[in-house]
> 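Structure in structure tokens, see below.
The structure presented is a predicted model; accordingly, all values stated were derived computationally and were not measured.
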Number of protein chains: 2
Amino acid sequence: MNKKISIVDIANLLNISKTTVSFILNGRAQEKRISEELVQKVLKLVKEVGYKPNSLAKSLRTGKSNIIGLMVEDISNPFFANIARLIEDRAYEKGYRIIYCSTDNDTAKTQELIGMFQDRHVDGYIMAPPKDIEEDVRDLIKSGLPVVMFDRYLPNVDTDYVIVDNQFSTYNATRHLIEQGYSKIAFITFSSEQTQMLDRMNGYKNALKEDKLKPYIKEIDFNRNEELIKEPLSAYLKKNPGIDAILFGTDHIGTCGLKVINQLGVKVPDDIAIVSFDDYDVFELHSPSVTAIAQPIEAIADNIISLLLKKLESNSNQTTQKITLSTTLNMRNSSQQALKR
Amino acid sequence: MNKKISIVDIANLLNISKTTVSFILNGRAQEKRISEELVQKVLKLVKEVGYKPNSLAKSLRTGKSNIIGLMVEDISNPFFANIARLIEDRAYEKGYRIIYCSTDNDTAKTQELIGMFQDRHVDGYIMAPPKDIEEDVRDLIKSGLPVVMFDRYLPNVDTDYVIVDNQFSTYNATRHLIEQGYSKIAFITFSSEQTQMLDRMNGYKNALKEDKLKPYIKEIDFNRNEELIKEPLSAYLKKNPGIDAILFGTDHIGTCGLKVINQLGVKVPDDIAIVSFDDYDVFELHSPSVTAIAQPIEAIADNIISLLLKKLESNSNQTTQKITLSTTLNMRNSSQQALKR
DNA sequence: ATGAAAGCGCTAACAG
DNA sequence: CTGTTAGCGCTTTCAT
């Protein structure tokens with residue numbers, strides 16, 4: 001079993017000290033002026049016997065784990081799953097591993113998870129934070145750990161983050177609907193105090209204000225059970241038959257919305273126009289295809305990971321960086337019709 | 001910083017030995033006949049100062065990490081993302097954490113990942129194995145680590161696994177198409193030697209044989225670039241205009257297929273009927289809605305995790321269990337039309 | 001240029 | 001019932 005070979009074994013095999021082996025393995029041979037000959041001998045043996053340093057022991061000693069903790073809202077959500085995948089790839093290339101978990105936007109669960117990450121000695125955190133987690137994040141930062149937020153941020157905590165321009169995105173999408181001749185435009189979203197949601201809400205409201213249109217806002221409590229989303233959504237639409245366009249606040253509520261609309265037999269875009277936040281297969285393939293606000297997933301992941309690696313590699317506590325990326329409004333059939341007025 | 005508090009500190013604070021503390025913390029107070037009074041005192045202090053055992057040191061010492069390694073093909077695929085989410089939840093309840101990674105079905109990458117998991121001392125493995133990984137898995141098992149496979153398995157390695165009845169699923173789906181009057185039924189899938197794919201292929205072939213129908217099989221090399229899937233798929237359909245029904249071998253190829261069909265302007269189900277493996281939102285919402293073979297995701301995850309926990313908790317090497325679950329054919333509009341003959 | 005030895009925080013024989 | 005002590009495998013200071 002190569003599992004049993006330790007640094008001492010290979011030192012003994014060569015009749016040298018484990019210190020020397022350690023130096024060689026950590027690329028400090030030059031610095032320590034160890035003979036090239038010895039270095040080669042050690043490297044050769046290591047390869048032969050397939051010796052692998054025990055990273056647990058290493059971490060215990062150094063306090064570094066080469067692990068990054070990734071906390072998303074829900075890994076089964078395509079947006080987060082894709083981000084996670086890209087982050088994993090980038091981190092892997094750099095020798096870092098990812099431990100991920102889903103917070104469910106639950107503060108208590110997130111605190112517990114931070115605790116778990118802490119005692120696994122993760123080197124850094126990437127998270128889409130839930131509410132009321134400010135204190136915990138501050139503690140993390142105080143103890144010197146890099147934290148990068150994404151998707152949303154905590155206004156009262158000074159961290160790096162990568163977000164998209166949510167407010168302009170919904171503003172722009174709403175203006176698009178208005179230009180297409182729609183006037184009773186609803187914004188259907190999850191009830192949330194998080195920055196990304198507030199921004200989306202504001203973008204929507206601002207766009208309406210310009211034309212003095214009346215807002216139709218429906219906030220739904222998040223629930224993992226789809227029925228509990230579709231039901232109030234359906235009720236709201238029935239109660240407000242005048243609505244001629246809907247902007248959905250997230251992909252999940254957008255998908256649920258489509259299902260409801262299909263059930264109700266409403267015609268899109270004739271009876272009602274639709275735009276959703278986040279873009280993916282469902283929206284492209286739907287008939288009619290659904291106009292959607294696409295987040296630049298690759299760019300988000302790239303920025304997150306390079307922000308984190310920068311902090312990780314220079315342990316100096318530089319100033320924080322806040323990156324805002326822009327989205328794309330993919331106009332499709334669900335929001336395009338002849339002008340109505 | 002509560003991070004700095006160690007078991008010695010709390011022992012000193014109470015003027016007792018760290019052994020005693022260790023015993024109490026590990027619930028062996030009873031067994032070691034430590035006075036209830038002392039136990040309470042220790043527990044109280046631990047809570048007060050917020051002491052958390054360093055799990056790294058613990059793992060180094062015990063060889064147990066309470067971490068499970070989860071290797072999926074691609075975490076951004078909805079099927080795997082959902083399974084991962086459910087497994088995470090179940091494992092979390094039991095005090096286990098998950099480290100996941102995507103293998104991309106790449107043998108070399110998987111071997112590397114196994115190496116990484118090994119030196120992180122994961123307690124067990126859950127994996128959707130790529131090909132040619134038999135040796136590595138055998139080594140794992142030999143070293144006493146529980147391994148549970150899912151989605152597919154390695155015929156020449158005796159492990160626990162949880163799969164679905166792939167062969168019957170495609171047999172059944174194909175029979176459904178035949179009953180609906182289709183006769184030139186294509187099976188479009190990724191080229192693969194993996195068990196689940198072979199079984200799906202066999203199910204399709206067997207169903208055709210009963211009616212002596214000619215098979216139309218198109219195997220496409222997997223690629224992360226969608227264009228390289230859509231392009232050969234499109235070419236195949238153009239070259240075989242006679243095809244009146246398609247069974248897609250996986251969700252991903254099904255989604256790509258839908259895009260191609262939409263581009264080509266083919267009418268579903270009049271020109272061509274469609275059934276896909278794996279069921280999710282895209283298929284339900286598509287117009288016409290797409291008939292799909294739904295895997296029992298929850299049951300799969302439940303079975304995986306309970307199989308693994310069973311092995312983990314009784315370190316006896318019991319006999320392996322092989323679990324096959326059945327799928328559901330969700331019949332929708334894409335495959336239903338008046339009989340043609 | 002190389003090695004001895006201390007110690008990271010924890011568990012578990014072995015003593016008492 | 002509680003404490004002493006020896007490691008787990010590694011890094012790193014300090015000698016030589």
Side-chain angles (χ1 to χ4, degrees), chain A residues 1-43 46 49-67 118-121 123 143, chain B residues 1-43 45-46 49-67 115 118-121 123 143:
Chain A
M1 300 286 95
N2 46 10
K3 280 192 61 182
K4 309 231 67 170
I5 295 175
S6 90
I7 195 169
V8 198
D9 297 323
I10 97 115
N12 288 342
L13 248 38
L14 256 35
N15 273 324
I16 56 176
S17 116
K18 59 176 180 170
T19 309
T20 311
V21 179
S22 173
F23 283 147
I24 294 176
L25 260 32
N26 291 311
R28 303 177 57 187
Q30 197 94 350
E31 170 192 342
K32 294 291 175 181
R33 308 201 193 172
I34 296 172
S35 69
E36 183 57 24
E37 190 188 8
L38 221 196
V39 172
Q40 290 311 325
K41 224 160 71 180
V42 170
L43 259 30
V46 163
V49 300
Y51 163 71
K52 296 259 254 150
N54 179 326
S55 55
L56 241 37
K58 200 169 184 164
S59 295
L60 179 59
R61 188 56 233 249
T62 60
K64 277 207 56 176
S65 61
N66 278 299
I67 292 187
Q118 268 187 126
D119 65 45
R120 295 282 164 207
H121 287 230
D123 294 340
S143 62
Chain B
M1 294 291 93
N2 47 11
K3 281 192 63 186
K4 308 231 68 171
I5 296 175
S6 90
I7 194 167
V8 199
D9 297 322
I10 98 115
N12 289 343
L13 247 36
L14 258 34
N15 276 321
I16 56 175
S17 116
K18 58 176 180 171
T19 310
T20 310
V21 180
S22 172
F23 284 147
I24 292 177
L25 261 30
N26 290 310
R28 302 178 58 187
Q30 197 93 351
E31 172 192 339
K32 294 292 175 179
R33 305 198 197 178
I34 296 171
S35 71
E36 183 58 20
E37 191 188 8
L38 221 196
V39 172
Q40 289 313 323
K41 224 159 70 183
V42 170
L43 260 29
L45 181 62
V46 162
V49 300
Y51 164 70
K52 294 260 255 155
N54 179 325
S55 55
L56 241 36
K58 199 169 182 163
S59 294
L60 178 59
R61 187 57 235 243
T62 60
K64 275 210 61 178
S65 62
N66 277 297
I67 292 186
Q118 268 186 127
D119 65 46
R120 295 279 164 207
H121 286 233
D123 294 340
S143 61

> Starting the side chain at C-beta, find the nucleotide from D:dG3, C:dG9, D:dC10 nearest to B:Ser17.
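From the listed options, D:dG3 comes nearest.
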> Check whether the side chain of A:Thr19 and the base of C:dA4 form a donor-acceptor pair under 3.5 Å.
yes
> Which part of the nucleic acid does B:Ile16 contact within heavy-atom distance under 4.0 Å: base, sugar-phosphate only, or nothing?
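Sugar-phosphate only.
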> Have a look at A:Ile5 and tell me which of A:Ile7, A:Asp9, A:Val8 forms a side-chain contact (heavy atoms from CB on, under 4.5 Å) with it.
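Output: one option passes, namely A:Asp9.
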> Identify every side-chain donor-acceptor pair in residues 13-27 of chain B under 3.5 Å, counting partners at least two apart or on other chains, and give the distances.
residue	atom	partner	partner atom	Å
B:Ser17	OG	B:Thr19	N	2.9
B:Ser17	OG	B:Thr19	OG1	3.3
B:Ser22	OG	B:Asn26	ND2	3.4
B:Asn26	ND2	B:Ser22	O	2.9

> Could you tell me how far apart B:Leu60 (CG) and D:dC10 (C1') are, to the nearest whole angstrom?
8 Å
> Base, sugar-phosphate or nothing for B:Ser35? Non-hydrogen atoms, less than 4.0 Å.
sugar-phosphate
> When the axes are fitted on five pairs at both termini, how much does the helix from C:dA1-D:dT16 to C:dG16-D:dC1 curve, in 10° steps?
50°
> In whole angstrom, what separates B:Asn12's CG from D:dG3's P?
11 Å
> A:Leu38 has an atom CG; how far is it from atom P of C:dT2, in whole Å?
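After rounding, the reported distance stands at 5 Å.
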> Once you round it to whole Å, what is the distance between P of C:dG3 and CD1 of A:Ile7?
12 Å
> Remember a base hit wins even if backbone is also touched, and classify A:Lys32 as base, sugar-phosphate or nothing at under 4.0 Å, heavy atoms.
base
> Assign A:Ile34 to base, sugar-phosphate, or nothing according to its heavy-atom contacts below 4.0 angstrom with the strands shown.
sugar-phosphate
> With respect to the phosphate group of C:dT11, does any side-chain polar atom (N or O) of B:Arg28 fall under 4.0 Å of OP1 or OP2?
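So the side chain of B:Arg28 is outside the cut-off, no N or O lying under 4.0 Å from OP1 or OP2 of C:dT11.
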> Quick check on DNA chain D: between B:Thr62 and A:Leu25, whose nearest nucleotide comes earlier from the 5' end?
B:Thr62
> If you take atom types as modelled and just measure distance, does the side chain of B:Arg61 reach the base of C:dG9 with a donor-acceptor pair under 3.5 Å?
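No pair found.
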> Can you identify which nucleotide, out of C:dT11, D:dT13, D:dC10, has its nearest atom closest to the B:Ser22 side chain?
C:dT11
> Separation of B:Asn26 atom CG from C:dG9 atom P, in whole Å?
17 Å
> Nearest whole angstrom, please: distance from the P of D:dC1 to the CZ of B:Arg33.
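Spelled out: CZ on B:Arg33 to P on D:dC1 is 7 Å.
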> Can you tell me if A:Lys64 has over 12 outside heavy atoms packed within less than 6.0 Å of its NZ?
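Check passes, neighbour count above 12.
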> Rounded off to whole Å, could you give me the CD-to-C1' distance for the A:Glu37 and C:dT2 pair?
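Between C1' of C:dT2 and CD of A:Glu37: 14 Å.
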> Tell me the closest heavy-atom pair linking B:Ser65 and B:Ser59, and the distance in Å.
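Heavy atoms only, the tightest pair is CA-OG, 3.4 Å.
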> Which value, rounded to the nearest 0.5 Å, describes the distance between A:Leu60 atom CG and B:Leu56 atom CG?
6.0 Å
> Quick one: closest heavy-atom pair of A:Arg120 and B:Asn66, and the distance?
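A:Arg120 and B:Asn66 have their closest heavy atoms at NH2-CB, 4.1 Å.
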> With a 4.0 Å cutoff (strictly under), does any side-chain N or O of A:Tyr51 reach OP1 or OP2 of D:dC10?
yes
> Could you pull out the closest heavy-atom pair between B:Gly63 and B:Asp123, with the gap in Å?
O-OD1, 4.2 Å
> Nearest to the side chain of A:Lys58, heavy atoms from C-beta on, is which of D:dT2, D:dT11, D:dT5?
D:dT11
> Give the rounded distance in Å between these two atoms: CG of B:Asp9 and P of C:dG9.
8 Å
